Amino acid sequence: MPLLLILLFLPWFAWANPVTTEHVTARLLAEHQSAAPGQPAELLLLEIRPHWHTYWRNPGDSGEAPRVEWTLPAGVTAGPLGFPYPELIRVGPLANYGYSGRALHPVTIQVPADWPVGEPLALRAAAQWLVCEEFCVPESALLDLTLPTAAVPGLTDPASAEPFAAARAGLPTGTIAGAVLDIPPAAASGGLRLSVPWTGPRPAEVWYFPGVWGLIDHAAPQPWREDAGRLLIDLTPGAASGQADPDGVLVTRADDGRMQSFALSLTVPSVAPTDAAPPLGLALALGMAFLGGLILNLMPCVFPVLAIKALGLAQQGGLSTAARVGQGLAYTAGVLVFFGLIAGLLLALRAGGAAVGWGFQLQYPPVVAGLAYLFLVLGLSLAGAVTLGGRLMGLAGGTLPGGRGHGLAEAFWTGALAALVAAPCTAPFMGAALGYAVTLPWLPALAILLSLGLGLAAPFLLVSAVPFLARRLPRPGAWMDTLKQLLAFPMFATAAWLIWVLSVQTGPTGVALVLTGLLMLSFGLWLRERTALGADRRRLAGGAAALAALAVALWLAVLTAHSIPVAPSAAGGSTHANGLVSESYTPERLAAARAEGRPVFVNMTAAWCITCLVNERVALDTAAVAAAFARGQVLYLKGDWTNRDAAITDYLAGFGRNGVPLYVFYPPGEAPRVLPQILTPASVVAALSPTIPPNQSQPEE
């Protein structure tokens, strides 16, 4: 007996049950008056203001599904949030899947068999959802419900009977096996056809709701027919049509109006359009990852490390076969170990809900700063400006002592360095393999990512292991010293490139910190070099000073993490379709433009707001609006509320709003004018008309 839990949200958390916000009432509602040990319990209900809606688990073209986090007594567990079949909600050219009027989300609470009879069961749910009409409002609530316990479940609460029955009626009544989503032979344009076995009466209406985003075009019509015991539904591919759909729902309406929904056991043999790549299997993904790793050796970002290995290969000319193979295996191990660590961290972060991609480590400014330090030191070592021993000398192409086995550690760390530098790069075949990998369980995903590393290491391993290739290597000689010095300059170029990357991430503050760190590091290395041949006391003092300089440099690198701008600079505009240029909203930029007497158009938007996306597509990003902005010299400020932003929240509150979109036009010297939340090119141009020269106020379609 499931537990009906009804989610409701306000911009802050409140302790209550029910909780009522401006648009929704949410409550935890139990089906029975008491819970019993060893028996499942309860549920939740959202009552939605007329004309507003919340979202299904696949929200469609935009939106966000509700979420709930439970705080439960020890031993008590909560099942996943249930989603009855949704309705299709059209907004302009796009479509959402969601609920209007009421959203019922069943949740099963499992009470352990050893729960003491008579001890109350305290349930707490932290619920979040997005509710939209012409604009969208994220809301949340903390809901409490305490149930008494008895030896057997209590009587059904009369107030709960109807919503529980409605919730169950909306859930799939069963699973239809043998459904197939494929490209029909006649669909030269790459259309899709869903074929579902059907033994019941012919339905009056049929609709398919995919459980994953992007499988089909959500707004496209779904013509269907019945043929030879199957329902054939023609669908339009979406942006991610190559994926499988384990959670799709088929909804039917009978002639008498009775609605039913069915889960589909769906086979997707060739979902992708004919001009797209077919879905990958594990074997193909492994091969593509290996090939991508091979090609990665030719990418510019890996060139500095390959320069080091070119010197290492030259040094191998005088080594024995066993020594060469050992170095090749050590290099390969370094690549694979680092790729394994990065892959494991990437998969763990994605499993935790973080939106990170391959090469995410270079999105952290201290890592970029640390790499800039490393390549500077390697360059100085190759150039002969400093003399470093041990592993770092081996990384920098220093002569390996004795040429036998002593270079294994250096080869390992060079492989790890190659993997570190190569990780953010992309090469042909890599994208599809990596994209497929992150959809798989841990072991096959890790295998694909390690295959990428094996491809990166393969050329060096091959040269090391094949005597025929090894004999073609040049013999060591005096020419190697000149080569080593020349290879210092790719190291310096890489350090300069990393500082440029840091400038994009952190702005001038981060660059100043790292340049100061590079100066301190260089001074410490110079001081160590100057004292290396002196008396013991002098050598010890020089080494201590060098360590102190290194510590300061690392501290400055860590500080770059605090130099990331809170918001993009308003001066750094972006160009939209048809040449319309926007700047990031800040209160200061708005105030400065108003003081200059310049007209300003403010667009408060968010990536999850479907109305915002529709307005930008059909109104703002048009030639007519771009021309009107240009003629009126209107400053376009855009505020992104995808993530909570205090400045944007305050701006919305100033206009009595707590959601987006909000469009405001500031004519010079006049009060601001709030535009409608549904825009057309004509309405935008009409709002700008006071600033447009005469006879030029009509939109040019």
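All values reported here derive from a predicted model rather than from experimental measurement.
Evaluation of the side chain to side chain contact (heavy atoms under 4.5 Å, CB included) rule for P223 yields P221, D234 as partners, not counting sequence neighbours. Taking the side chain to side chain contact (heavy atoms under 4.5 Å, CB included) definition, one finds that A591 meets it with nothing, sequence neighbours left out. When the side chain to side chain donor-acceptor pair (under 3.5 Å) test is applied to E226, no partner is found at least two apart in sequence or on another chain. In this structure, the ring-ring contact (aromatic ring centres under 6.0 Å, His included) partners of Y97, at least two apart in sequence or on a different chain, are F209, H218. Take W224 and apply the ring-ring contact (aromatic ring centres under 6.0 Å, His included) test, not counting sequence neighbours, and it matches no residue. Every residue two or more places apart in sequence or in another chain was checked for a salt bridge (Lys or Arg N to Asp or Glu O under 4.0 Å) with E69, and none qualifies. For A512, there are no side chain to side chain contact (heavy atoms under 4.5 Å, CB included) partners, not counting sequence neighbours. Evaluation of the side chain to side chain donor-acceptor pair (under 3.5 Å) rule for S195 yields R230 as partners, not counting sequence neighbours. Here F262 pairs with W198 under the ring-ring contact (aromatic ring centres under 6.0 Å, His included) rule; sequence neighbours left out. Contacts of R90 classified as side chain to side chain donor-acceptor pair (under 3.5 Å), with partners at least two apart in sequence or in another chain: none. For S683, the side chain to side chain donor-acceptor pair (under 3.5 Å) criterion is met by T680, not counting sequence neighbours.
Using a 4.5 Å cut-off on side-chain heavy atoms (C-beta onward), M604 and V664 make no contact. Taking the side chain as every heavy atom from C-beta outward, L215 and Y208 approach each other to under 4.5 Å. Taking 4.5 Å as the limit, every side-chain heavy atom of V251 sits out of range of all side-chain heavy atoms of V206. Between V602 and K638 there is no side-chain heavy-atom pair separated by less than 4.5 Å.
We find the CG-CG distance between L181 and L235 to be 6.5 Å, quoted to the nearest 0.5 Å. Note: R673 CZ to L688 CG = 9.5 Å, rounded to the nearest 0.5 Å. A distance of 9.0 Å separates OG1 of T54 from CG of L130, quoted to the nearest 0.5 Å. Taken from CG in L662 to OH in Y651, the straight-line distance is 6.0 Å, to the nearest 0.5 Å. Within the model, atoms CG of L94 and CD1 of I89 stand 13.0 Å from one another, a figure rounded to the nearest 0.5 Å. Note that CH2 of W207 and OG of S261 are 16.0 Å apart. Values are rounded to the nearest 0.5 Å.
Note: F601 and F665 have tilted aromatic rings, judged against thresholds of 30 and 60 degrees for the angle between ring planes. Ring geometry, F83 versus Y99: the interplanar angle falls under 30°, so the pair is classed parallel (tilted spans 30 to 60°).
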Pair L171, Y85 - check side chain to side chain contact (heavy atoms under 4.5 Å, CB included), show working.
CA-CA 6 Å; L171 295 174; Y85 67 82; over 6 Å; no
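The shortest heavy-atom contact between L679 and N615 is N-OD1, 3.0 Å.
Here side chain to side chain donor-acceptor pair (under 3.5 Å) pairs that include residues 591-601, with residues two or more places apart or in two chains, number zero.
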